[in-house]
Amino acid sequence: MDTLSRFRALSIFLIVLVLTATSGCGDSTPSQDDDPASTTVLGDSTTVVGVVQTDDRFTTLATAIDSSGLDSLLTQDGPYTLFAPTNNAFGTLPEGTVPDLLDGENRDRLRMILSQHVVERRLMSEELAGMSQVETLRGALVSVSADDNTVRVGGGTVLDADIVTGNGVIHVVDTVLRPPVSDDEAVEP
């Protein structure tokens with residue numbers, strides 16, 4: 001193949017690549033039933049994990065989800081509610097905790113902690129505000145309370161609510177939710 005033919009083939013490939021990448025860009029418009037002031041709609045092609053992986057507030061959480069193996073679950077249909085701790089929330093843990101949790105030998109412990117942040121149904125903030133507790137993927141109950149415009153989950157405050165994805169909803173929280181400790185399991189994040 002001569003240089004001109006290679007150039008044409010590469011040009012066609014790049015055009016197809018750009019068209020493919022931009023073909024779903026118009027899917028992020030909220031429906032008439034959504035309240036744009038309180039809900040962010042990201043389109044059906046975006047998953048809970050996809051949002052976490054692309055939002056700079058969640059680089060630690062994205063790494064933790066990937067390390068724990070929960071990414072394969074959270075890309076499925078769901079629906080899921082994710083209480084997503086920010087990087088700052090992870091930063092409040094005792095020094096050395098995050099690297100220790102991300103060590104491959106602690107995968108089960110990390111998965112248990114992250115499972116405390118996932119509910120296997122879509123819970124919008126309005127519904128959460130009317131609840132006193134919610135059962136997590138781990139099977140543990142997390143307290144929920146609300147006053148005025150503030151929702152609290154497991155002792156943390158929801159900073160940004162109702163980020164709707166194709167397979168669930170994300171509520172940004174300012175703390176890492178700690179699983180309850182039973183007599184036979186000592187877990188500290």
d(N106 CG, D100 CG) to nearest 0.5 Å is 4.5 Å
Side chain to side chain, L177 and T175, heavy atoms closer than 4.5 Å:
yes
[X] (side chain) donor-acceptor with [Y] (main chain) under 3.5 angstrom:
X: T46; Y: G50; answer: no
X: R138; Y: S115; answer: no
X: H117; Y: V176; answer: no

Please report the shortest heavy-atom distance between [X] and [Y], naming the atom on each side.
X: S67; Y: L102; value: OG-CD2, 3.9 Å
X: V51; Y: I163; value: CG1-CG2, 4.4 Å
X: D162; Y: V169; value: CA-CG2, 3.6 Å

From CA spacing to verdict: side chain to side chain contact (heavy atoms under 4.5 Å, CB included), H171, V153
CA-CA 10 Å; H171 302 291; V153 178; over 6 Å; no
Sequence neighbours left out, what pairs pass side chain to side chain donor-acceptor pair (under 3.5 Å) with at least one residue falling in residues 54-64?
D55-R57, R57-D160, T59-N87, T60-N87
May I have the list of side-chain donor-acceptor pairs in residues 72-86 shorter than 3.5 Å, sequence neighbours left out?
{"from": "S72", "atom 1": "OG", "to": "G69", "atom 2": "O", "distance (Å)": "3.1"}
{"from": "T75", "atom 1": "OG1", "to": "D71", "atom 2": "O", "distance (Å)": "3.1"}
{"from": "T75", "atom 1": "OG1", "to": "S72", "atom 2": "O", "distance (Å)": "3.2"}
{"from": "Q76", "atom 1": "NE2", "to": "S72", "atom 2": "O", "distance (Å)": "3.4"}
{"from": "Y80", "atom 1": "OH", "to": "L73", "atom 2": "O", "distance (Å)": "3.2"}
{"from": "T81", "atom 1": "OG1", "to": "R121", "atom 2": "O", "distance (Å)": "2.5"}
{"from": "T81", "atom 1": "OG1", "to": "L123", "atom 2": "N", "distance (Å)": "2.7"}
{"from": "T86", "atom 1": "OG1", "to": "N88", "atom 2": "N", "distance (Å)": "3.4"}
{"from": "T86", "atom 1": "OG1", "to": "A89", "atom 2": "N", "distance (Å)": "3.1"}

Take R122 and V164 through the test side chain to side chain contact (heavy atoms under 4.5 Å, CB included) and record every step on the way to the result.
CA-CA 9 Å; R122 186 183 308 237; V164 177; 3.2 Å; yes
Would you please name every residue forming a salt bridge (charged side-chain N to carboxylate O under 4.0 Å, His left out) with D147, sequence neighbours left out?
R152
Does atom CD of E126 have more than 12 heavy-atom neighbours from other groups under 6.0 Å away?
no
CA sep, side-chain torsions, deciding dist, call: L114, L137, side chain to side chain contact (heavy atoms under 4.5 Å, CB included)
CA-CA 9 Å; L114 293 178; L137 180 64; over 6 Å; no
